[in-house]
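Got a structure here, written out as structure tokens. Questions coming.
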Amino acid sequence: MEVANNVTEFIFLGLSQDPGMQLMFFALFLFFYIVIMVGNLLILLTVFSDPRLHTPMYFFLSNLSFVDIAYSSATAPKMIADFVSEKKTISYWGCVTQMFTFHFFGCAEIFVLTVMAFDRYAAICQPLRYTTIMSANTCIVLASLSWLGALGHSFVQTLLTFQLPFCHNQVIDHYVCDVHPVLKLACADTTLVNMLVIVNSGLIALGCFLILLASYTVILFSLRKRSSESRRKALSTCGSHFTVVTFFFVPCFFIYLRPSTTFPLDKAVSVFYTTITPMLNPLIYTLRNEDVKNAVKRIWSHMVSLKEK
């Protein structure tokens, strides 16, 4: 395939060509990546360590944290290294692999967020049947379907892109091998592929977002009959989730729910959902969630007591 395409590697233009800006970006994004890893690993450790958090809500939250770790790791290490590299290159198959993992974990995040909304709907609107609806088997099935759906999406997306021939143009005006910047380099008609990409990426994001909106609309209507304390707790939990959803989905719509054109703003928007959102997720869920904050305090107290002994 490499010989037929006459391309063995691609060159990233990155976020900036200015050496001073690149050094600043190196320090900034290295800090972001460390926060992503520490924050999401802390949530994973907290959920697995505290039996009180062994519930469907926190099972899916731990899935989200794992996705955020993997999703950011698909792009951030290479981007950070490129900030201090003279030549920002990636091999042909490295680009294939990066696009596959990038879309696999990105789509998994979309599906996990959607399943989390269904869990909140069941907990708030069907409280008496919640344990039956969200049984352990149901949670495993929903999580498995999320991962399998993401795998199918990523396989199709990557296959659609790299079945095209690439001749001599190797410069990707981006910091990651994403669909639209790579399609610009193909030496073939990409009209049909562009349409299929919109269907595969844009409509998945739009469909899941509409399901999320419907879930939260029903939840808001059901809360009118609840006590003020119940409303406060439900709104706190759902508010955290909807904040994450907004931060992730709006940039996705801007990038994928349109014809295959590129704008100067694309790279900045991509940074938001590839780096900023995975960094904000653990902060949002820990700072606005009393159960997680209390669990972290219990683990910290236990570690301090063990150290004193």
Side-chain angles (χ1 to χ4, degrees), residues 39-40 42-68 107-150 204-249 277 280-299:
N40 285 290
L42 178 62
I43 286 182
L44 285 173
L45 174 65
T46 303
V47 171
F48 286 121
S49 301
D50 196 321
R52 302 180 201 186
L53 299 184
H54 293 175
T55 63
M57 176 180 172
Y58 296 107
F59 169 74
F60 293 119
L61 178 58
S62 62
N63 269 263
L64 182 65
S65 292
F66 176 77
V67 169
D68 281 337
C107 189
E109 177 139 352
I110 288 174
F111 288 145
V112 169
L113 287 170
T114 307
V115 171
M116 289 174 73
F118 175 74
D119 171 68
R120 289 302 84 208
Y121 160 79
I124 295 169
C125 300
Q126 304 287 336
L128 299 179
R129 298 176 54 220
Y130 177 67
T131 53
T132 304
I133 296 172
M134 298 303 295
S135 64
N137 287 337
T138 302
C139 291
I140 292 170
V141 168
L142 289 173
S144 300
L145 289 175
S146 298
W147 288 100
L148 287 173
I204 285 178
L206 180 61
C208 288
F209 187 71
L210 292 176
I211 293 171
L212 286 159
L213 282 181
S215 299
Y216 284 111
T217 301
V218 174
I219 288 171
L220 287 174
F221 274 105
S222 70
L223 287 176
R224 293 183 303 171
K225 301 175 183 178
R226 304 294 178 86
S227 65
S228 58
E229 179 61 25
S230 297
R231 284 200 301 269
R232 186 196 64 78
K233 188 172 182 180
L235 288 172
S236 176
T237 302
C238 293
S240 300
H241 186 217
F242 197 73
T243 303
V244 170
V245 166
T246 303
F247 284 157
F248 188 80
F249 276 84
T277 303
L280 292 178
N281 282 356
L283 297 176
I284 290 168
Y285 279 110
T286 52
L287 294 177
R288 296 195 58 176
N289 190 302
E290 290 297 328
D291 292 336
V292 175
K293 285 194 288 187
N294 292 334
V296 171
K297 290 175 185 176
R298 285 192 294 270
I299 292 173

Exercise for review: Return the set of residues passing side-chain contact (heavy atoms from CB on, under 4.5 Å) with Ser146 (not counting sequence neighbours), or none when no residue passes.
Suggested key: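 Ser146 satisfies side-chain contact (heavy atoms from CB on, under 4.5 Å) with Phe111, Val112, Val115 once adjacent residues are dropped.
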
**Study point:** Any residue meeting ring pair (Phe, Tyr, Trp, His ring centres under 6.0 Å) with Phe249, in chain and number order, not counting sequence neighbours
**Key:**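 Phe249 satisfies ring pair (Phe, Tyr, Trp, His ring centres under 6.0 Å) with Phe209 once adjacent residues are dropped.
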
Check your understanding: If every non-hydrogen atom of Ala122 is compared with every non-hydrogen atom of Ile133, which pair is closest and at what distance?
Key ->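 Closest heavy-atom pair between Ala122 and Ile133: CB-CG2, 4.2 Å.
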
**Study point:** Pairwise side-chain contact, Val47 with Phe60, heavy-atom cut-off 4.5 Å (strictly under)
**Key:**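 In short, these two side chains do not touch, never coming nearer than 4.5 Å.
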
**Study point:** Leu113 versus Leu212, closest heavy-atom pair with distance
**Key:**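 For Leu113 versus Leu212, the nearest heavy atoms are O-CD2, 3.4 Å.
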
Point to revise | Over all atoms of both residues, closest heavy-atom pair of Phe59 and Cys139 | key: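 Scanning both residues completely, I find the closest heavy atoms to be CE2-O, 3.5 Å.
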
Exercise for review: Test side chain to side chain contact (heavy atoms under 4.5 Å, CB included) on Leu142 and Met134 and set out the steps.
Suggested key: CA-CA 10 Å; Leu142 289 173; Met134 298 303 295; 4.0 Å; yes

**Study point:** Separation of Ser62 OG from Asn40 CG (nearest 0.5 Å)
**Key:**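 The distance works out to 11.0 Å.
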
Review point. Quick one: does Phe66's side chain get under 4.5 Å of Asn63's, heavy atoms only?
Key: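 No; the side chains remain at least 4.5 Å from each other.
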
Check your understanding: Taking side chain as C-beta onward, heavy atoms only, is Met116 less than 4.5 Å from Val245?
Key ->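 A side-chain contact under 4.5 Å is absent here.
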
**Study point:** Thr138: partners by side chain to side chain donor-acceptor pair (under 3.5 Å), with sequence neighbours left out
**Key:**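 Ser135.
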
Exercise for review: Let me see the working for Val67 and Trp147 under side chain to side chain contact (heavy atoms under 4.5 Å, CB included), right down to the final yes or no.
Suggested key: CA-CA 10 Å; Val67 169; Trp147 288 100; 3.4 Å; yes

Practice item. Might you confirm whether atom OH of Tyr130 has over 12 heavy atoms from other residues, nucleotides or ligands at distances under 6.0 Å? Key: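 Counting neighbours around OH of Tyr130, more than 12 heavy atoms of other residues, nucleotides or ligands fall under 6.0 Å, so yes.
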
Review point. What distance separates Leu44 CG from Thr46 OG1, expressed to the nearest 0.5 Å?
Key: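 Result: 8.5 Å between the selected atoms.
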
Point to revise | OH-CG distance between Tyr58 and Asp119, expressed to the nearest 0.5 angstrom | key: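 Tyr58 atom OH to Asp119 atom CG measures 10.0 Å (nearest 0.5 Å).
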
Review point. So, for Phe247 and Thr277, which heavy atoms are closest and what is the spacing to 0.1 Å?
Key: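 Nearest heavy atoms, Phe247 then Thr277: O-OG1, 3.4 Å.
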
Review point. Between Ile43 and Pro282, which heavy-atom pair has the shortest distance, and what is it?
Key: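 Distance-wise, the nearest heavy atoms are CD1-CA, 3.4 Å.
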
Review point. Where is the tightest heavy-atom contact between Thr217 and Leu213, given as atom of each residue plus distance?
Key: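 Closest approach of Thr217 to Leu213: OG1-O, 2.7 Å.
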
Check your understanding: OG of Ser144 to CG of Asn137: how many Å apart, nearest 0.5 Å?
Key ->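 These two atoms lie 10.5 Å from each other.
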
**Study point:** OG1 on Thr114 to CG on Leu145, rounded to 0.5 Å
**Key:**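 With rounding to 0.5 Å, CG (Leu145) is 12.5 Å from OG1 (Thr114).
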
